[in-house]
Amino acid sequence: MTTVTLPLNALATGRRVRTHRQRVMVAILIALVLFLFVLTLTVGQTVTPVADVIRVLLGESVEGASFLVGTLRLPRALLSLLAGFSFGLGGVVFQIMLRNPLASPDIIGITFGASAAAVFAIVVLAISGPMVSVMAVVGGLSVALIVYGLAARNGVAGTRLILVGIGVAAMLHSVIAYVLSTAPAWSLQEAMRWMTGSVNGAQLSDTAPLVLVLIVFGGLLFSQHRDLDALRLGDDTAAALGVKIAKTRIVVVFAAVGMIASVTAIAGPIAFVSFLSGPIAARLVGNSGSLLIPSALVGAVLTLGGDYIGQFLLPSRFPVGVVTGALGAPYLLYLIVRVNRSGRSL
């Protein structure tokens, strides 16, 4: 009896410790997101008292604060929050499904597809406004289908899909560079601002579509969280646990690509947020339990923090995509070396 009870007690204790760690880290991430959100609303070139911010949020007219908070800071903070949440959630889903931290939409060409479609719409077709967003969504979904189709041979192997995605991303990068090189000055500036990934000039009307996207596509992803957790153990194990792998992948790819393409259409391709969020979340909460919520929160921290740093903590003002790109590039090199040496998955 003793030889059976002790291992069971040890397993139960280990599970409780891992669950407690995850809950603590999620609580810390939520607190950090709230802190950065409040910081964005209150502290900039001028400081707005928290009481005035609350009054503005409640709909009151406050002299000197209504325009600053309600028109400038609040839309920017909301767009950063929603974009980071969407990039983090959509990115970790690909990394879990393909069991490779390099399998993020940044790397496998999905954001490049959305970017190429948007740049083509702005420069060649002279389109602006909501139609650019529609073109970006269509471009992202189309590239996802192309990459998935080219990688599908007796099933979709993660490494093959990543290599195909990198090749497609390289071609799309060349297309973007060519289109920009032929762009007139008036459209080049708009295209370049969009390409860097920016929440400059955000409006409350930009956030409503993202809320809908999160409800629809995020709901689909969260509904698949048990199957995604099983896929982290490998396809054979997941199938043995009753997961319908093909169906799960179709639903997950559709929802994740729709989310990534939609947020890219509004905020631009904010570099490396979808790539960084999953590995950072895994380091914080451990590999047990779902990574969806922690990764989404890490994404929100990266965009809120990156935008604030780019606006107020550097000698010149930079879009959020420049800051996150500076953080993500060296981590990408480190991760490539680590994965190449150990073959480890997320």
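- To the nearest 0.5 Å, atoms CG (L82) and OG (S262) are separated by 12.5 Å.
- Judged purely by atom type and a 3.5 angstrom limit, S295 has no side-chain atom pairing as donor or acceptor with the backbone of L292.
- Residue T46 comes nearest to R73 through the heavy atom pair O-NH2, 2.7 Å, listed as atom of the first residue, atom of the second, then distance.
- Counting only heavy atoms from C-beta outward, the side chains of R232 and L291 approach each other to under 4.5 Å.
- A heavy-atom distance below 4.5 Å is found between the side chains of V53 and L57.
- Under a hydrophobic-cluster definition in which Ile, Leu, Val, Met, Phe, Trp and Tyr are linked whenever side-chain heavy atoms come within less than 4.5 Å, directly or via other members, L204 and L81 are assigned to the same cluster.
- Looking at Q203, its side chain never comes within 3.5 Å of a backbone N or O of L72 through a donor-acceptor pair.
- Minimum heavy-atom separation, T111 to T264: CG2-OG1, 4.0 Å.
- Dense packing is recorded around CZ of F312, with more than 12 heavy atoms of other residues, nucleotides or ligands lying under 6.0 Å away.
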Let me see the working for D307 and R76 under side chain to side chain contact (heavy atoms under 4.5 Å, CB included), right down to the final yes or no. CA-CA 9 Å; D307 184 52; R76 189 184 195 104; 2.7 Å; yes
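- Contact check for L39 versus Y308: side-chain heavy atoms found under the 4.5 Å cut-off.
- Of the inter-residue distances, the one linking M131 atom CE with L125 atom CG reads 9.0 Å to the nearest 0.5 angstrom.
- In this structure, T248 OG1 and R226 CZ are separated by 13.5 Å, a value rounded to the nearest 0.5 Å.
- In this structure, P75 and V69 approach most closely via the heavy-atom pair CD-O, 4.1 Å.
- Heavy-atom contacts from other residues, nucleotides or ligands closer than 6.0 Å to CG of L210 number more than 12.
- Both F35 and V43 belong to a single network of hydrophobic side chains, linked directly or stepwise wherever heavy atoms of I, L, V, M, F, W or Y lie under 4.5 Å apart.
- There is a path of hydrophobic side-chain contacts, each under 4.5 Å, that joins L79 to V211.
- The two residues G278 and V92 make their nearest non-hydrogen contact at CA-CG2, 3.7 Å.
- Put simply, the side chain of L89 reaches to within 4.5 Å of the side chain of F222, judged on heavy atoms.
- Put simply, I54 and V62 are part of two different groups of oily side chains (I, L, V, M, F, W, Y) that touch within less than 4.5 Å, one to the next.
- Residues I260 and G91 come closest through the heavy atom pair CD1-N, 4.2 Å.
- From L302, atom CG reaches atom OG of S80 across 11.5 Å, with rounding to the nearest 0.5 Å.
- There is no side-chain donor-acceptor pair under 3.5 Å between N200 and R317.
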Side chain to side chain contact (heavy atoms under 4.5 Å, CB included) for Y331 and L276? Distances and angles first, verdict last. CA-CA 8 Å; Y331 188 81; L276 290 171; 3.3 Å; yes
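- Between the side chain of T324 and the main chain of G321, a donor-acceptor pair closer than 3.5 Å is present.
- Panel note: side chain S66, backbone E63; no donor-acceptor pair is recorded below 3.5 Å.
- The line from CG of L163 to CG of L150 is 12.5 Å long, rounded to the nearest 0.5 Å.
- Put simply, L32 and I30 are part of the same group of oily side chains (I, L, V, M, F, W, Y) that touch within less than 4.5 Å, one to the next.
- With a 4.5 Å cut-off on side-chain heavy atoms, V33 and F85 do not count as touching.
- Listed for the T182 side chain is a donor-acceptor partner under 3.5 Å among the backbone atoms of V179.
- Nearest heavy-atom pair across I176 and S115 is CD1-CB, 3.9 Å.
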Using the rule given for side chain to side chain contact (heavy atoms under 4.5 Å, CB included), can you reason through L41 versus T48, listing the C-alpha separation, both sets of side-chain angles and the distance that settles it, and then say yes or no? CA-CA 8 Å; L41 294 181; T48 304; over 6 Å; no
Under the side chain to side chain contact (heavy atoms under 4.5 Å, CB included) rule, what do F94 and I110 come out as? Steps first, then yes or no, please. CA-CA 11 Å; F94 277 96; I110 293 172; 3.4 Å; yes
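- Between I108 and L161 there is a side-chain heavy-atom pair separated by less than 4.5 Å.
- Here L221 contributes atom CG and F254 contributes atom CZ; the two are 10.5 Å apart, rounded to the nearest 0.5 Å.
- Contact of the F112 side chain with the D106 side chain is not registered, since no non-hydrogen atoms from C-beta on lie closer than 4.5 Å.
- Under the 4.0 Å criterion applied to side-chain N and carboxylate O atoms, D52 and R55 are assigned as salt-bridge partners.
- For the pair L231 and R99, the minimum side-chain heavy-atom distance is 4.5 Å or more.
- Aromatic pair F275/F87: centroids not less than 6.0 angstrom apart.
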